[in-house]
Amino acid sequence: MAETKAPVERPLSPHLQIYRPTLTMMMSIVHRITGAALFFGTLLLVWWLIAAASGPDAYAKFSWFASSLIGRLILLGYTWALIHHMLGGIRHLIWDTLHGLDPVGREWLVRANLIGSVVITAVIWIIGFLVMGGPL
Amino acid sequence: MSTKTQRMRTPLGRVRGHGAAGSGTTHFWHQRLTAVSNVVLTIGMIVVCISLLGRNHAYVVQILGSPLVAILVMLFIVSAVYHMRLGMQVIIEDYVHDDLPKIACLMATTFFCFAIAFASLFAILKLLSGV
């Protein structure tokens, strides 16, 4: 009982670095990354709401940031992450019903996810610029 | 001891224990539930955000403080924050294996989510009361 055995070197199951990257694998990783980004992105939402509740000066500070170049880049990334994660979520809901799991179906779904997220993000920003009457 | 005599519990009794985590499929199901509500609420939030682009403070306060928009924003916050709490829990449980850092990360996640939700809801309630 007093003797403790040295830990046995057990084989590990193959992980990411073993497999050849595939589109479905990359999209799974991107889904997780966009989810984590949106987690911290809620800080922007809180800033916006609290600024609106605080008064004109606080709101002017938020507006200045949101319309600055770095602010717009962050908001563009936020929009894309949001749409991409949303479409990815719908893809997972479809997979939950056991549809689209075949090789053709799953490749089609991840491509639609990727292309759809870029197109919808572009459409949202074009509508936004039209509402504002131009990019300035 | 044969395996047969060990199984004194009925299937119903085992199900009621909700498995090793004690919560069964609750995490999975709540993630799906909030995923569906997030799709609807996010579309509404995008419409609200676009309509407020470039507007001055007075206009934004008026819109965010109107009942229907305020309800939409509050529902979005509750649904989105609950969903991201569940998602971050999965990420932490995948990558942080030692008990102490894992529990610390999970606690920090819960605190962050409560702070985000409370601050947002407080801001909307203040706008609703028109102060």
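Values in this document were obtained by computation on a predicted structure and should not be read as measured data. In what follows, chains are A, B, ... by sequence order, proteins preceding strands, each numbered from 1.
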Start with the C-alpha distance between A/F39 and B/V81, add both sets of side-chain angles, then the distance that settles side-chain contact (heavy atoms from CB on, under 4.5 Å), and finish with yes or no.
CA-CA 8 Å; A/F39 179 92; B/V81 168; over 6 Å; no
Are A/W125 and B/I50 side-chain neighbours, meaning at least one heavy-atom pair lies under 4.5 Å?
no
Using heavy-atom distances under 4.5 Å, tell me whether B/Y59 contacts chain A through its side chain, its backbone, both, or neither.
neither
Smallest separation among heavy atoms of A/A52 and B/V60, with atom names
CB-CG1, 4.2 Å
Please look at A/I50 and chain B and tell me whether the side chain, the backbone, both or neither of the residue comes under 4.5 angstrom of a heavy atom of that chain.
both
Full working for side-chain contact (heavy atoms from CB on, under 4.5 Å) between B/I46 and A/T79:
CA-CA 9 Å; B/I46 290 170; A/T79 313; over 6 Å; no
Heavy-atom distance under 4.5 Å to chain A: side chain of B/V61, backbone, both or neither?
side chain
Shortest non-hydrogen pair, B/A123 vs A/A53, comes out as O-CB, 3.6 Å
Working for side-chain contact (heavy atoms from CB on, under 4.5 Å), residues A/L43 and B/F112
CA-CA 10 Å; A/L43 286 168; B/F112 178 82; 3.8 Å; yes
Heavy-atom contact with chain A under 4.5 Å, split by part of B/I116
both
Checking B/S120 against chain A: side chain, backbone, both or neither under 4.5 Å from a heavy atom?
both
To the nearest 0.5 Å, atom CD1 of A/I127 lies from atom OG of B/S51 at 12.0 Å
If you count heavy-atom pairs within less than 4.5 Å of chain A, which of B/V36, B/I91, B/T109 leads?
B/I91
Portion of A/W47 that has a non-hydrogen atom of chain B nearer than 4.5 angstrom:
neither
Using side-chain contact (heavy atoms from CB on, under 4.5 Å), reason through B/F122 and A/V46 one step at a time and then give a plain yes or no.
CA-CA 10 Å; B/F122 177 85; A/V46 172; over 6 Å; no
How far does CE of B/M84 sit from CG of A/L38, to the nearest 0.5 angstrom?
9.5 Å
Atom pair CG/CG of A/L49 and B/L121 - distance to nearest 0.5 Å
9.0 Å
Identify which part of A/T42 has an atom lying under 4.5 Å from any heavy atom of chain B, answering side chain, backbone, both or neither.
both
Per-residue contact mode, B/L125 against chain A (heavy atom under 4.5 angstrom):
neither
Residue B/F76 versus chain A: region with a heavy atom under 4.5 Å:
side chain
Check for a donor-acceptor pair, side chain of B/H57 on one end and backbone N or O of A/A60 on the other, with a separation under 3.5 Å.
no
